[in-house]
Amino acid sequence: EVQLVESGGGLVQTGGSLRLSCALSGGTFDDYTVGWFRQAPGKEREGVACFSLPDRVFYYGDPVKGRFTISRDNAKNTVYLQMNDLKPEDTAVYYCNAERRNMNYWGQGTQVTVSS
């Protein structure tokens with residue numbers, strides 16, 4: 001069974017950094033398009049970053065361009081989201097998503113809170 005588990009969220013000050021991790025079991029990330037999404041209270045879920053090695057596609061949402069970086073460690077079957085220069089508007093629950101042939105798998109989410 002494919003499972004995704006996020007970790008690394010927490011409380012940080014404005015301008016601080018966090019690194020989120022998404023570990024996949026039951027598959028290999030090389031076979032999937034991987035993305036990070038977030039949802040803040042009262043807002044729709046939005047795409048943050050996407051990476052696909054087979055398709056050579058990279059995407060960053062406008063609010064995070066230049067501050068967030070998505071990467072992977074194939075040996076650990078883990079995808080990361082490095083978040084720098086965090087702002088209060090980055091506060092949200094962050095979700096990891098893996099997609100293959102229109103099959104979508106989601107993690108449980110990890111809370112990121114940025115204080116002003």
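On a predicted model such as this, the values are computed, not experimentally measured, just so you know.
Of the possible donor and acceptor atoms, none in the side chain of Arg38 sits under 3.5 Å from a partner among the backbone N and O of Glu46. Under the 3.5 Å distance criterion, the side-chain polar atoms of Glu6 are matched with a main-chain donor or acceptor of Gly109. Judged by distance alone, the side chain of Thr110 and the main-chain N or O of Gly9 form a donor-acceptor pair under 3.5 Å.
With sequence neighbours excluded, the residues forming a side chain to side chain contact (heavy atoms under 4.5 Å, CB included) with Val112 are Leu18, Leu20, Met83, Tyr94, Val114, listed by chain and number. Residues satisfying the ring pair (Phe, Tyr, Trp, His ring centres under 6.0 Å) test with Phe37, not counting sequence neighbours, are Trp106. Evaluation of the side chain to side chain contact (heavy atoms under 4.5 Å, CB included) rule for Arg67 yields Val64, Asp85, Lys87, Asp90 as partners, not counting sequence neighbours. By the side chain to side chain contact (heavy atoms under 4.5 Å, CB included) test, Gln3 is found to be paired with Glu1, Ser25, residues two or more places apart in sequence or in another chain being considered. Ser71 meets the side chain to side chain contact (heavy atoms under 4.5 Å, CB included) test with Tyr80; sequence neighbours excluded.
Here the side chains of Tyr32 and Tyr105 are in contact, with some heavy-atom distance below 4.5 Å. Under the 4.5 Å side-chain criterion, counting only non-hydrogen atoms from C-beta, Asn77 is in contact with Thr28. For the pair Ile70 and Val79, the minimum side-chain heavy-atom distance is below 4.5 Å. When side chains are defined from C-beta on, Val48 does not count as touching Tyr60, because their heavy atoms never get closer than 4.5 Å. Residues Thr33 and Cys50 have side chains in contact (heavy-atom distance under 4.5 Å, counting atoms from C-beta outward).
In summary, the side chains of Asp73 and Thr78 do not present any donor paired with an acceptor at a separation below 3.5 Å, with no hydrogens or angles considered. Between the side chains of Asn97 and Glu99, no donor-acceptor pair is found at a separation under 3.5 Å.
The two residues Gln82 and Ser17 make their nearest non-hydrogen contact at NE2-CB, 4.0 Å. Nearest heavy-atom pair, Ser116 versus Thr14, reported as atom, atom and distance to 0.1 Å: CA-OG1, 3.5 Å.
By the 6.0 Å contact criterion, CD on Glu89 is enclosed, its count of non-hydrogen atoms from other residues, nucleotides or ligands being greater than 12.
Within the structure, disulfide (SG to SG under 2.5 Å) contacts touching residues 59-116 (residues at least two apart or in different chains) are Cys22-Cys96.
With rounding to the nearest 0.5 angstrom, the CG atom of Asp31 is 9.0 Å from the CZ atom of Arg101.
A cation-pi arrangement, defined by a distance under 6.0 Å to the six-membered ring centre and an angle within 45 degrees of its axis, is present between Arg45 and Tyr95.
The hydrophobic clustering, which links ILVMFWY residues whose side-chain heavy atoms are closer than 4.5 Å, places Val93 and Phe68 apart.
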#### Entry: side chain to side chain contact (heavy atoms under 4.5 Å, CB included) evaluation trace for Arg19 with Leu81
CA-CA 6 Å; Arg19 189 180 73 165; Leu81 183 68; over 6 Å; no
